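The block underneath contains the structure these notes are about, expressed in structure tokens.
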Amino acid sequence: MTSGGEGRGKDGGRGRGAGAATEDFLTHRNLLFTVAYEMLGSAADAEDVLQETWLRWAGVDLADVRDRRAYLVRITTRQALTRLRTLGRRKESYVGSWLPEPLLTSPDVAEDVELADSVSMAMMLVMETLAPTERAVFVLREVFDVGYDEIAEAVGKSPTAVRQIAHRARAHVAARRPRGDASPQRTRHVLDAFRRAVETGDLQGLLDVLAPDVVLLGDGGGIKQAVLRPVVGADKVARLLHGGLRKVPAALTLRPALVNGGPALVLHLDGELDSVLAVRVDDGLVTGLYAVRNPEKLSHMEQETPLRR
């Protein structure tokens with residue numbers, strides 16, 4: 001790959017045919033979306049980044065590009081970094097907790113343990129605590145196994161600096177990384193028990209599946225009612241769920257789903273999508289509940305979003 005940026009070639013990208021550029025972009029589109037989403041936590045912003053990536057890619061002289069996949073990842077990373085800094089300012093004025101935009105995902109995402117872990121709500125929230133460049137380096141290195149030299153070009157740092165950033169980011173994430181449950185079967189069993197307890201209003205049943213230090217986060221975005229601060233502890237979370245759902249006047253249904261590669265419940269009121277509740281299971285108990293009610297974040301729950309590494 002050339003060492004230059006992603007600017008236009010000598011002919012402005014003309015004369016070498018749009019077909020090859022389009023084919024390359026479409027071939028790697030799911031990968032590029034995954035990179036952008038893991039950096040941003042927002043599918044809508046990731047889609048915008050892909051549009052910007054395409055506009056720049058369409059103006060590149062392919063004759064100068066040795067590794068097209070790497071070049072596309074570089075463009076996407078740079079665009080996502082710019083948007084990530086803007087998002088940071090936006091989140092400062094966000095009403096209540098900010099949660100990643102949930103994605104309905106296919107079973108193959110869950111089967112890729114590393115990918116599923118990296119896009120899980122819990123891990124995405126851990127990555128939110130990284131500085132923008134740290135997050136980009138962590139995502140590219142730990143999730144996509146991009147080389148240090150290539151990452152250096154993408155983030156505008158020296159390879160030595162990137163190695164130091166990667167080491168720092170790994171230590172930061174390791175100290176906060178959720179434990180995880182190794183058994184999908186046990187996770188499904190816990191999710192089923194949790195759903196039955198919610199549907200039947202079984203307070204004791206909820207207490208039986210919630211970890212003592214369980215945390216519930218809600219994201220209504222100031223549009224829908226949601227808890228504004230984290231609710232911590234099995235008793236508080238159980239009573240909130242038990243009391244709150246009993247007051248719902250509409251017909252409520254809970255459907256299990258794979259969201260961000262992990263277990264979740266999709267809640268409908270009178271047949272209309274109301275919220276997504278991602279569930280974190282550790283050692284056979286629910287340790288995290290992530291309730292997204294902000295309707296602006298639910299558009300990717302209508303069909304599966306393909307994610308790739």
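In this text the structure is predicted, and so the values were computed from the model without any measurement. Below, all heavy atoms of this structure are taken into account, side chains as well, without hydrogens, waters or symmetry copies.
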Subject >> pair Glu128-Lys91: side-chain heavy atoms closer than 4.5 Å >> reply: yes
**OP:** Identify whether NZ of Lys or CZ of Arg in Arg74 sits under 6.0 Å from the centre of the six-membered ring of Tyr71 and within 45° of that ring's axis.
**Re:** yes
Original post:
Any link between Leu240 and Leu277 through a network of hydrophobic side chains (Ile, Leu, Val, Met, Phe, Trp, Tyr) touching at under 4.5 Å?
Top reply: yes
Original post:
Can Asp219 and Arg293 be said to form a salt bridge (charged side-chain N to carboxylate O under 4.0 Å, His left out), step by step?
Top reply: CA-CA 6 Å; Asp219 181 344; Arg293 295 199 71 207; over 6 Å; no
Subject >> Basic-acidic side-chain contact under 4.0 Å: Lys224, Asp274 >> reply: yes
Subject >> Salt bridge flag under 4.0 Å for residues Arg188 and Asp192 >> reply: no
Original post:
So, do Leu191 and Val281 sit near enough that their side-chain heavy atoms are less than 4.5 Å apart?
Top reply: no
**OP:** May I ask you to say whether Asp112 pairs ionically with Arg308, meaning some side-chain N is under 4.0 Å from a carboxylate O?
**Re:** no
Subject >> Distance (rounded to the nearest 0.5 Å) between Arg90 CZ and Leu84 CG >> reply: 10.5 Å
Subject >> Minimum heavy-atom distance between Thr200 and Arg196, given as atom pair plus value >> reply: OG1-O, 2.7 Å
Original post:
Does a side-chain heavy-atom distance below 4.5 Å link Asn294 with Tyr94?
Top reply: yes
Original post:
With the 4.5 Å side-chain cut-off for hydrophobic clustering, are Val232 and Leu241 part of the same group?
Top reply: no
Subject >> Arg168, Arg170, His172 screened by side-chain hydrogen bond (donor to acceptor under 3.5 Å, both in side chains) with Glu134, the one that passes >> reply: Arg168
Original post:
Taking C-beta and beyond as the side chain, do Asp24 and Trp57 meet within less than 4.5 Å on heavy atoms?
Top reply: yes
Original post:
Do Trp54 and Phe25 have ring centres separated by under 6.0 Å?
Top reply: yes
Original post:
Can a salt bridge be assigned to the pair Arg141 and Glu150 using a cut-off of 4.0 Å between side-chain N and carboxylate O?
Top reply: no
Subject >> Minimum side-chain heavy-atom gap Met121-Pro100 below 4.5 Å >> reply: yes
Original post:
Can you find a pair of side-chain heavy atoms, one from Leu289 and one from Val215, that are under 4.5 Å apart?
Top reply: no
Original post:
Are Arg280 and Tyr290 in a cation-pi setup, meaning NZ or CZ lies under 6.0 angstrom from the ring centre and within 45 degrees of the ring axis?
Top reply: no
Which side-chain N or O atoms in residues 201-214 pair as donor and acceptor under 3.5 Å with protein atoms at least two apart or in another chain?
| from | atom 1 | to | atom 2 | distance (Å) |
| --- | --- | --- | --- | --- |
| Asp202 | OD1 | Gln204 | N | 3.2 |
| Asp202 | OD1 | Gly205 | N | 2.9 |
| Gln204 | NE2 | Asp208 | OD1 | 2.9 |

Subject >> Pair Asp149 + Arg163: basic N to acidic O under 4.0 Å >> reply: no
Subject >> Any side-chain heavy-atom pair of Leu104 and Glu302 under 4.5 Å >> reply: no
Original post:
Leu31 versus Val73: any side-chain heavy-atom pair under 4.5 Å?
Top reply: yes
Original post:
Would Met127 and Val292 show up in the same hydrophobic cluster when neighbours are defined by side-chain heavy atoms closer than 4.5 Å?
Top reply: no
Original post:
Step by step, would you call Leu125 with Leu99 a side-chain contact (heavy atoms from CB on, under 4.5 Å)?
Top reply: CA-CA 7 Å; Leu125 286 175; Leu99 291 175; 3.8 Å; yes
**OP:** Only counting residues at least two apart or in another chain, list the ones meeting side-chain contact (heavy atoms from CB on, under 4.5 Å) with Thr105.
**Re:** Leu103, Val109, Leu258, Leu307
